[in-house]
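Report on the following structure.
No hydrogens, no waters, no symmetry mates; every other heavy atom, side chains included, goes into these values. We name chains A, B, ... by the order of the sequence lines, and we start the count at 1 in each one. Keep in mind that what you see is a predicted model, and the values were worked out from it rather than measured.
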Protein chains: 2
Amino acid sequence: MTLKELAKALGLSPTTVSRALNGFPEVSDATRRKVQAAAEAYGYRPNMRARSLATGRAMAIGHVIPLASGHEMVNPVFADFIAGAGEVYSKSGYDMLISIVPEAEQARAYEEFKSKGSVDGIIVHAPREGDRRISLLKSVGIPFVVHGRASESDESYSWVDMNNLRAFQRATAFLLDLGHRRIALINGLENMDFAIRRRAGFEAAHDAQGLRHFDDLKVSGEMTEQFGHDRTRDMLGRDDPPTAIIASSMILAIGIRRAIREAGLEMGRDVSLIIHDDDLSYLPNGGDDPIFTATRSSVREAGRRAATMLLDIIASGSDAPRSELLEAELILGQSTGPAPAQVSITEPT
Amino acid sequence: MTLKELAKALGLSPTTVSRALNGFPEVSDATRRKVQAAAEAYGYRPNMRARSLATGRAMAIGHVIPLASGHEMVNPVFADFIAGAGEVYSKSGYDMLISIVPEAEQARAYEEFKSKGSVDGIIVHAPREGDRRISLLKSVGIPFVVHGRASESDESYSWVDMNNLRAFQRATAFLLDLGHRRIALINGLENMDFAIRRRAGFEAAHDAQGLRHFDDLKVSGEMTEQFGHDRTRDMLGRDDPPTAIIASSMILAIGIRRAIREAGLEMGRDVSLIIHDDDLSYLPNGGDDPIFTATRSSVREAGRRAATMLLDIIASGSDAPRSELLEAELILGQSTGPAPAQVSITEPT
DNA sequence: TCATTCTTCCAAACCGCTTTGAATCAGAAG
DNA sequence: CTTCTGATTCAAAGCGGTTTGGAAGAATGA
């Protein structure tokens with residue numbers, strides 16, 4: 001059923017029917033009701049492609065999720081982020097277009113989005129340090145919001161980010177306050193912006209108290225269970241092991257916990273652990289009483305915020321950059337405790 | 001840059017330019033080359049909305065991801081499935097449209113996809129027992145492929161599925177052969193089709209050897225780490241605990257392993273564990289030498305297959321149902337071993 | 001040489017909707 | 001009884017492509 005057919009069935013012109021359905025004022029209430037009733041009865045729904053060809057608006061948002069070259073890892077937080085964004089889109093009648101694009105083809109992907117006219121705006125995922133995509137998108141001239149930030153030039157584009165630096169600073173300070181002096185950081189890949197900021201927070205907390213942080217206790221890599229396990233095992237096996245660990249994700253934490261157990265130690269007593277919890281729906285941190293002490297910030301909420309911001313930007317037409325910085329909560333769980341009493345192995349009295 | 005502008009710049013008609021670019025034969029090689037060069041130079045790309053309005057093909061596939069009511073869980077395997085499907089789409093110039101739709105609004109979502117004309121086909125995720133979506137989609141008359149199956153009437157629609165029954169049958173038989181007689185099944189929600197088939201396989205393996213299976217060792221629920229842990233803890237705490245466990249996912253397995261350790265037992269010696277491994281990119285099963293013995297089937301590959309099948313169906317125009325059943329490999333890991341010698345507690349000799 | 005057949009290109013219609021500019025009609029004002 | 005105004009409605013021109021039905025020119029055959 002097309003508009004034209006509906007119009008004919010009603011004995012009206014397409015113009016009037018279109019206006020009646022789209023809420024324009026120059027239609028009498030009587031005919032509007034008649035048209036709406038008929039549309040309902042016939043199950044008429046406007047063809048989006050025709051409509052957006054006519055209006056110039058695609059009514060769709062593109063998400064380009066990068067597939068890192070080499071390791072073909074799909075970041076598991078996308079699922080929840082997208083769920084959050086999707087909620088917002090469907091409320092506003094927008095569609096969500098996703099393309100998973102290898103690192104090398106990103107530039108082409110954005111230009112295609114623009115020139116093919118298939119989206120009104122773009123969400124940029126997983127920015128790196130000095131990400132070239134941002135200047136690319138600005139030159140392409142399509143509205144976009146970055147989930148996260150590229151490390152420099154924060155002022156000139158729109159973003160939604162979690163305050164990674166502050167979260168890790170607080171977590172680190174909390175451990176320092178508990179007396180820990182050798183704290184390990186198990187981080188994501190440090191070409192990712194979020195990982196850089198987290199490390200900076202980790203270091204800043206030490207600096208603020210005039211305490212040392214140790215390069216050999218800072219590791220970064222793909223955030224898998226295995227990686228968390230292996231690095232923890234290595235570090236706990238040393239002469240001078242850490243008494244606490246800060247980790248960038250829940251999945252890492254699971255491997256870390258395993259390594260702690262395998263070393264015959266108890267988490268929260270022998271080794272403290274704070275993680276960042278993205279509040280993923282399929283990896284809950286134990287519900288009411290959290291297993292891990294964590295800095296928590298819902299990535300699904302971030303998705304909602306980013307989507308809302310992008311739709312606002314598109315609706316307003318203004319390209320004044322906006323930004324939103326979400327603060328993480330520090331959630332107390334069972335994985336942290338005071339630093340164990342210092343046992344000097346080498347010089348017993 | 002539009003087709004018309006390009007045509008004018010070349011001194012040709014839009015017709016000829018369109019034909020030159022789309023490979024129609026009624027254009028001389030000389031002009032075709034000229035047109036292609038100019039298109040390249042101007043960076044011309046056809047507007048997809050206009051094109052698909054004219055051709056009637058949307059060049060997009062819709063994925064409707066159900067959001068179960070109540071528990072707002074986003075199934076983590078979607079990320080990998082979609083990555084696989086996305087590969088295929090982008091190779092064929094298709095876009096991927098995703099909408100995350102609450103259970104209750106599924107019907108409306110499909111009808112909208114159809115009537116709005118925004119997709120040429122649909123992938124159906126996470127079918128339930130007797131899923132109504134299938135008959136709905138058939139009546140709507142839009143090509144679709146189901147990832148999985150609805151439990152009955154297998155013949156009349158297209159699907160790609162993993163052989164859940166066979167995989168769990170083999171895994172169970174393997175444990176029975178190792179001498180295990182009390183085997184637990186920690187399954188996904190048993191209103192999901194895949195969970196039903198897995199349970200059937202579990203039971204069939206017992207039946208085939210004339211052995212009993214125990215209802216109190218079969219549990220099902222949301223597949224979280226916590227659920228795996230809690231149910232395992234409960235079962236190991238009983239008078240007559242299982243000596244082996246079969247679990248439906250990697251995430252469950254992580255919780256199960258934790259509970260085994262907490263019970264002071266060793267996985268692979270005191271308690272054997274076989275899991276199903278979807279081969280998720282962010283949850284690898286230990287690489288070269290697998291941690292868990294597992295039935296493995298890549299969900300990303302399933303995504304590729306489903307997408308390929310759907311594009312084929314669309315291209316062929318035939319609505320003859322097709323299907324593809326993927327077999328899981330049985331991967332030997334460190335989590336299984338012979339059943340521990342039967343220690344009779346009550347009647348020592 | 002002239003009719004015939006390809007080749008190659010083009011004008012115009014169309015896809016389904018929105019939107020501009022104008023037409024129609026009823027009631028108010030003069 | 002005109003004229004004007006405001007409220008409704010409509011015809012037609014896009015939006016940017018594809019596709020049908022010729023038309024012009026070149027090549028072929030008699």
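The only member of V17(A), L10(A), T16(A) that meets side chain to side chain contact (heavy atoms under 4.5 Å, CB included) when paired with S13(A) is T16(A). Just one residue in the list Y89(A), F144(A), F78(A), F113(A) forms a ring-ring contact (aromatic ring centres under 6.0 Å, His included) with H63(A), and that residue is Y89(A).
Comparing A50(A) and L12(B), the nucleotide of DNA chain C nearest to each residue sits closer to the 5' end for L12(B).
Shown here for K4(B) and P14(B), the closest heavy-atom pair between the two residues is CG-CG, 4.3 Å. A pairwise comparison of heavy atoms in S158(A) and P321(A) identifies OG-CA, 3.4 Å as the closest pair.
A distance-only check finds a donor-acceptor pair linking the side chain of S298(A) to the backbone of R300(A) [under 3.5 Å]. Using modelled atom types, no side-chain atom of Y157(B) and backbone atom of L137(B) make a donor-acceptor pair closer than 3.5 Å.
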Next on the checklist: Does D193(B) form a salt bridge (charged side-chain N to carboxylate O under 4.0 Å, His left out) with R149(B)? I'd like the steps, not just the answer.
Outcome noted: CA-CA 7 Å; D193(B) 179 77; R149(B) 283 170 280 178; 5.1 Å; no

Nucleotide N/O to protein N/O under 3.5 Å, stretch nucleotides 19-23 of chain C:
residue: dT19(C); atom: O4; partner: T15(A); partner atom: OG1; Å: 3.2

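Summarising the geometry, the separation between NZ on K4(B) and C1' on dC10(C) is reported as 14 Å, rounded to the nearest angstrom. For the pair N47(A) CG and dC15(C) P, the computed distance is 12 Å after rounding to whole Å. Rounded to an integer number of Å, the gap from CG of L53(A) to C1' of dC14(C) is 12 Å. In this structure, the CD atom of E5(A) is 10 Å from the P atom of dC15(C), given to the nearest Å.
Looking at heavy-atom distances under 4.0 Å, S52(B) makes no contact with the nucleic acid at all.
Heavy-atom contacts of chain A under 4.0 Å fall on DNA chain D between two terminal nucleotides, which in 5' to 3' order are dT8(D) to dG16(D).
The side chain of N22(A) places an N or O atom within less than 4.0 Å of a non-bridging phosphate oxygen (OP1 or OP2) of dT18(C).
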Show me the donor-acceptor pairs, under 3.5 Å and distance only, between side chains in residues 36-48 of chain A and residues at least two apart or in other chains.
residue: R45(A); atom: NE; partner: S115(B); partner atom: OG; Å: 2.8
residue: N47(A); atom: OD1; partner: R49(A); partner atom: N; Å: 2.7
residue: N47(A); atom: OD1; partner: A50(A); partner atom: N; Å: 3.0

